[in-house]
Amino acid sequence: MDSVLIVSNTNSTMGIISSMLQSQSFGRIVTSQDGTEARRYLLDGDFDLVIIDTPLLNELGDDFALQAAETTSSGIILVVAVEKLEDVALRVEDSGVFVLPKPLSPESFYQAVKLLIASRTRLAKLEAENRRLQNKLEETRTVDRAKCLLIEHLKMTESLAHRHIEKIAMDTRQSRMEVAESIIRRYAE
């Protein structure tokens, strides 16, 4: 993990959390004392982990946690007073926000951070696989459209159109997608 945003209205809590994170491999730790400033930080950059120690100066912090969960792929830890834990957890956990009680024990904090790191890594792999599959699907659609145009305009069979695209791709050292796009530009006008 590279970066962490810590949002807390007290410098002592920020220091405690920062020192707990020193043992992890975070390249950048950014701190903020209120939700408005923290929202600006989220707009300016991506954070791997967002830790919110409630209450903040201008709000409780649960709305900020929900917004961060909705607009980023960051792992989010919300630290809440024990008496508000259940109510806040019911409100934010469905959005993927991990809620921890105050006072914060180092063991539970480390566990939460490790869990979020593992889930964020897994999510990144799934997103990469999803992008790969989306690209493959788009290529298949484009090649199929080009084959249909070849069938329509040059009266080829489907297998001949497929071989034609493959051959041009090999001969010109282009991808099937590039060849298909060229065919579409030529015949779709």
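Atoms CD1 and SG, from Ile184 and Cys148 in turn, are 9.5 Å apart once rounded to the nearest 0.5 Å. Taking OG from Ser3 and CD1 from Ile29, the interatomic distance works out to 10.0 Å, rounded to the nearest 0.5 Å. For the atom pair OG1 of Thr71 and CZ of Arg39, the computed distance is 9.5 Å after rounding to the nearest 0.5 Å. Within the model, atoms NZ of Lys136 and CG of Leu133 stand 10.0 Å from one another, a figure rounded to the nearest 0.5 Å. Taking OG of Ser8 as the reference point, atom CD1 of Ile51 lies at 10.5 Å (rounded to 0.5 Å).
Using a 4.5 Å heavy-atom cutoff, the side chains of Ile52 and Leu5 are not in contact. Side-chain contact between Glu138 and Arg141: present, with at least one pair of heavy atoms (C-beta onward) separated by less than 4.5 Å. At least one side-chain heavy atom of Ile165 sits under 4.5 Å from a side-chain heavy atom of Val143. In this structure, the side chains of Asp53 and Val7 stay at 4.5 Å or more apart for every pair of heavy atoms. Taking 4.5 Å as the limit, every side-chain heavy atom of Val30 sits out of range of all side-chain heavy atoms of Ile6. For the pair Val79 and Phe109, the minimum side-chain heavy-atom distance is 4.5 Å or more. Between Tyr110 and Val113 there is no side-chain heavy-atom pair separated by less than 4.5 Å. In this structure the side chain of Glu181 reaches within 4.5 angstrom of the side chain of Arg185, judged on heavy atoms.
A donor-acceptor contact shorter than 3.5 Å links the side chain of Asn9 to the backbone of Pro55. Using a distance-only test at 3.5 Å, with no hydrogens or angles considered, a donor-acceptor pair links the side chain of Glu178 to the main chain of Ser175. Of the possible polar contacts, none joining the Arg120 side chain to the Leu116 backbone as a donor-acceptor pair under 3.5 Å is found. Counting only distance, with no hydrogens or angles, the side chain of Ser95 and the backbone of Val97 share no donor-acceptor pair below 3.5 Å. At least one donor-acceptor pair closer than 3.5 Å links the side chain of Thr121 to the backbone N or O of Ile117. A distance-only check finds no donor-acceptor pair linking the side chain of Ser108 to the backbone of Leu100 [under 3.5 Å]. At distances below 3.5 Å, not a single donor-acceptor pair connects side-chain atoms of Ser74 with backbone N or O atoms of Ile76.
Annotation for Ala112 and Phe98: closest pair CB-CE2, 3.3 Å, computed over non-hydrogen atoms. Scanning all heavy atoms of the two residues, the minimum distance from Ala81 to Thr54 falls at N-OG1, 4.3 Å. Across Gln33 and Glu37, no two heavy atoms sit closer than the pair N-OE1, 3.6 Å. Between Leu150 and His164, the shortest heavy-atom contact is CD1-CD2, 3.6 Å. For the pair Thr31 and Tyr41, the tightest heavy-atom approach, listed with the atom from each and the gap, is O-CE1, 3.6 Å. Between Asp62 and Arg91, the shortest heavy-atom contact is OD2-NH1, 2.7 Å.
The hydrophobic cluster containing Val92 does not contain Leu104, counting ILVMFWY residues as joined when their side-chain heavy atoms lie under 4.5 angstrom apart, directly or transitively. Under the 4.5 Å side-chain heavy-atom criterion for grouping Ile, Leu, Val, Met, Phe, Trp and Tyr, Val4 is not connected to Leu78 through any hydrophobic cluster. A continuous path of hydrophobic side-chain contacts links Phe64 to Val88 [ILVMFWY only; heavy atoms under 4.5 Å]. Placement of Leu115 and Leu123 in two distinct hydrophobic clusters is found when ILVMFWY residues are connected by side-chain heavy-atom separations under 4.5 Å, directly or transitively. Hydrophobic clustering keeps Leu49 apart from Leu42 (ILVMFWY residues linked when any side-chain heavy atoms are closer than 4.5 Å, directly or through intermediates).
Between Asp144 and Lys147 there is a salt bridge, since a side-chain N of the basic residue sits under 4.0 Å from a carboxylate O of the acidic one. Looking at Arg163 and Glu158, no side-chain N of the basic residue comes within less than 4.0 Å of a carboxylate O on the acidic one, giving no salt bridge. Between Glu129 and Arg132 there is a salt bridge, since at least one side-chain N of the basic residue sits less than 4.0 Å from a carboxylate O of the acidic one.
Applying the side chain to side chain donor-acceptor pair (under 3.5 Å) criterion to Glu139, with sequence neighbours excluded, gives Arg176.
Counted within 6.0 Å of NZ on Lys84, heavy atoms from surrounding residues, nucleotides or ligands total 12 or fewer; the atom is thus considered open. Residue-environment remark: CD (Gln174) exceeds the threshold of 12 foreign heavy atoms within 6.0 Å. Counting non-hydrogen atoms of other residues, nucleotides and ligands closer than 6.0 Å to CG of Asp44 gives a total above 12.
Ring geometry for His153 against Tyr187 counts as parallel: the plane angle stays under 30°, on a 0 to 90° scale with 60° as the upper cut.
At a cut-off of 3.5 Å, with distance as the only test, a side-chain donor of Asn58 or Thr36 sits close to an acceptor on the other residue.
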